[in-house]
Each structure stands twice: as C-alpha cells, then as structure tokens.
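Proteins come first, then strands; the chains are lettered A, B, ... in the order of their sequence lines, and each starts at number 1.
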Amino acid sequence: MTNTKHTYQAMFLLENGEVREKGFSAVRDWLKGTLEKHSIDVKVLRLYGERKLAYPIGGRVRATYVLGWLEAEGEAVNAAMRDMYLVGPAFRMRFFQEAEIPEAELAFGIEEVNDADLVILDDQPEEVIEEEYVEPEEEKAASKDAADGDKKTEGKADDAKAETTETKEEPAKEAAKEEAK
Amino acid sequence: MGKKTHKKFDFKDTEDLLRYLSGQGQISSAKRTGLSAREQRSLKRAVKNARFLGLLPFVG
C-alpha cells in the first residue's frame, strides 16, 4: 500500500501549569520534536490562545491552545497522537485533514513567543464565596407558626394514643374483676 | 446559472457556531437553521469538534 502525505490542521490543548513552568518555547519545541520524531513535517505551529475551557477536563479549568499545520501520513499522525497522550503537557488534541494550508496561516511559521509577554492564569477553579443565609423576619415568624402548629398536632396525636391504650386496658380489667368474683 | 457555493463551518469560529445552538447547547434542526444537507453536516462536525476541544459546551 502506498503511503500518501496529507495536509492536516491540528489543535493541541496544553496544561497551563507546565507552560508556565517550562515556558511556551520549551513546550512548543517538545511538541515539534515529538511530531518530527514520527516523520511529520511541521509547517506552522502557533499559539492560538490561553483561555477558559467550556467545561472542566480532568480537573482543568483553563488551557493553552496551540494550532499547527502539518504534512504527514495517516499512520504517522496516529502514532504521534498515541505518543503525546502518554507523556507531555498535551492532554487533548485533534487532527483535521485539509485540502491546503491557507496563506495567512503559513505566514506564522513556527511562532516565537516571548514568555514574559504570555500571561497564563492559574488553572485552579475560582473560589466560590458562600454567603451566610440570613432568614428574613417574616419567614422566621412563618416557620415559627408552622413549628407551633406541628407541636399542637403532635400533642393531639399523643392524646389519641393514650385514649386507645385506655380503651384496650378497660376490658382486660373488667375480665380480671369477674374472675376474682 | 452560477454554481451554488456551500458554507463551510470552522470549529474555531465559535461565535458563528453559537448562532446555530439552542440555549442548552443543542444543534438546531435543519428546518430551523435553513441550511442545506451538506451545510448542516458541516455544522454538525464543526460543533462536535469544538465541543471535544473545550471551545463549546456539551450542555448549557
């Protein structure tokens, strides 16, 4: 079978913690190195942005997005994906087969980003400030009334119970008296 | 008569994709969007890819 090269657009989601720690250039070089290890021709690799995820992925709330344009064989893409999911800062990625690389994208090339300019926010979830609930006085009064009502009904229920026990006891007492006679 | 061009949706263009989603994040029907079958398929793929990459929510 002949292995033909295709053009791919790839989007990588990188862990913010590692990008902050190692710097974007180091992470980008790792990404490029891993792709090239699998004989993938990296045409463009650029920072797409650091943004909040639409939903948390594995406890992460924010991520650094890297966009790439590559030329590779299908098998090489699969192998690279497997490799990157095993080790490294990339926790999610997807490759899309495209007809050609747009010229606007080609202009980026392997983008150099000054790490000092790149602001990567903390990927910890935002703290939720829990305010203490203060019950309004009207509600307080209403709940008090309800509680009193419950007590009264409970009292009535106790009385009813007592009555039933008395009625049960009475025939037993009478039977004992007759036996004594 | 000119050849009809089909709109291709891009998973990165979340603002455009959001126009075709309901408040709960569901893809609107072709009847509602008014797109052709090919365009509706393109929209579906773009939304699903954007969801996978955390650009769009699955719900809400």
Side-chain angles (χ1 to χ4, degrees), chain A residues 7-17 19 31 44-70 77 81 84-85 89-106 108 111 120-121 123-126, chain B:
Chain A
T7 304
Y8 292 94
Q9 179 183 193
M11 181 72 96
F12 304 95
L13 270 74
L14 308 176
E15 272 189 46
N16 267 359
V19 178
L31 208 60
V44 178
L45 209 54
R46 71 176 176 97
L47 177 70
Y48 186 69
E50 192 280 328
R51 57 161 72 197
K52 192 179 177 218
L53 296 166
Y55 55 93
I57 303 172
R60 302 170 193 92
V61 182
R62 304 186 70 88
T64 306
Y65 285 76
V66 173
L67 185 72
W69 286 86
L70 333 154
V77 168
M81 265 175 78
M84 280 189 282
Y85 271 128
F91 63 90
R92 197 162 272 202
M93 69 200 75
R94 185 152 273 193
F95 291 76
F96 309 97
Q97 200 177 316
E98 301 282 350
E100 58 179 10
I101 307 171
E103 283 194 12
E105 288 289 337
L106 266 176
F108 283 103
E111 195 183 26
I120 295 173
L121 297 175
D123 51 359
Q124 292 298 311
E126 288 167 21
Chain B
M1 222 171 96
K3 203 178 176 186
K4 196 188 172 190
T5 53
H6 295 278
K7 186 180 179 183
K8 271 193 93 179
F9 289 92
D10 186 8
F11 71 95
K12 301 190 293 296
D13 193 358
T14 48
E15 273 187 30
D16 186 32
L17 295 177
L18 276 170
R19 287 175 54 230
Y20 297 94
L21 300 183
S22 70
Q24 288 184 312
Q26 291 172 314
I27 304 170
S28 302
S29 65
K31 191 178 174 182
R32 189 175 280 271
T33 59
L35 298 171
S36 68
R38 188 183 291 185
E39 288 170 333
Q40 187 73 15
R41 281 199 300 276
S42 169
L43 169 71
K44 180 187 79 176
R45 284 264 47 96
V47 169
K48 289 186 177 193
N49 286 327
R51 280 177 184 164
F52 177 79
L53 291 165
L55 297 169
L56 285 179
F58 279 93
V59 180

- Task: Would you mind listing every ring-ring contact (aromatic ring centres under 6.0 Å, His included) that reaches into residues 40-60 of chain B, with sequence neighbours excluded?
- Result: A:Y55-B:F58
- Side chain, backbone, both or neither of B:L55 within contact of chain A (heavy atoms, under 4.5 Å): both
- Does some side-chain heavy atom of B:K12 sit less than 4.5 Å from a side-chain heavy atom of A:L67? yes
- Of all the heavy-atom pairs spanning A:L53 and B:L53, show the shortest one and how long it is. CD2-O, 4.5 Å
- Message: Restricting to non-hydrogen atoms, name the atom on B:P57 and the atom on A:A54 that form the minimum distance, rounded to 0.1 Å.
- Response: N-CB, 3.5 Å
- Item | Under 4.5 Å from a heavy atom of chain B, the part of A:F96 involved | side chain
- Message: Is the shortest side-chain heavy-atom distance between A:R94 and B:F11 below 4.5 Å?
- Response: no
- Task: Look at atom NZ of B:K8 and say whether more than 12 heavy atoms of other residues, nucleotides or ligands are closer to it than 6.0 Å.
- Result: no
- Hey, what do you get for CG (B:N49) to CD (A:Q9), rounding to the nearest 0.5 Å? 9.5 Å
- Query: If you count the non-hydrogen atoms of other residues, nucleotides and ligands that lie under 6.0 Å from CD in A:E103, is the total more than 12?
  - Reply: no
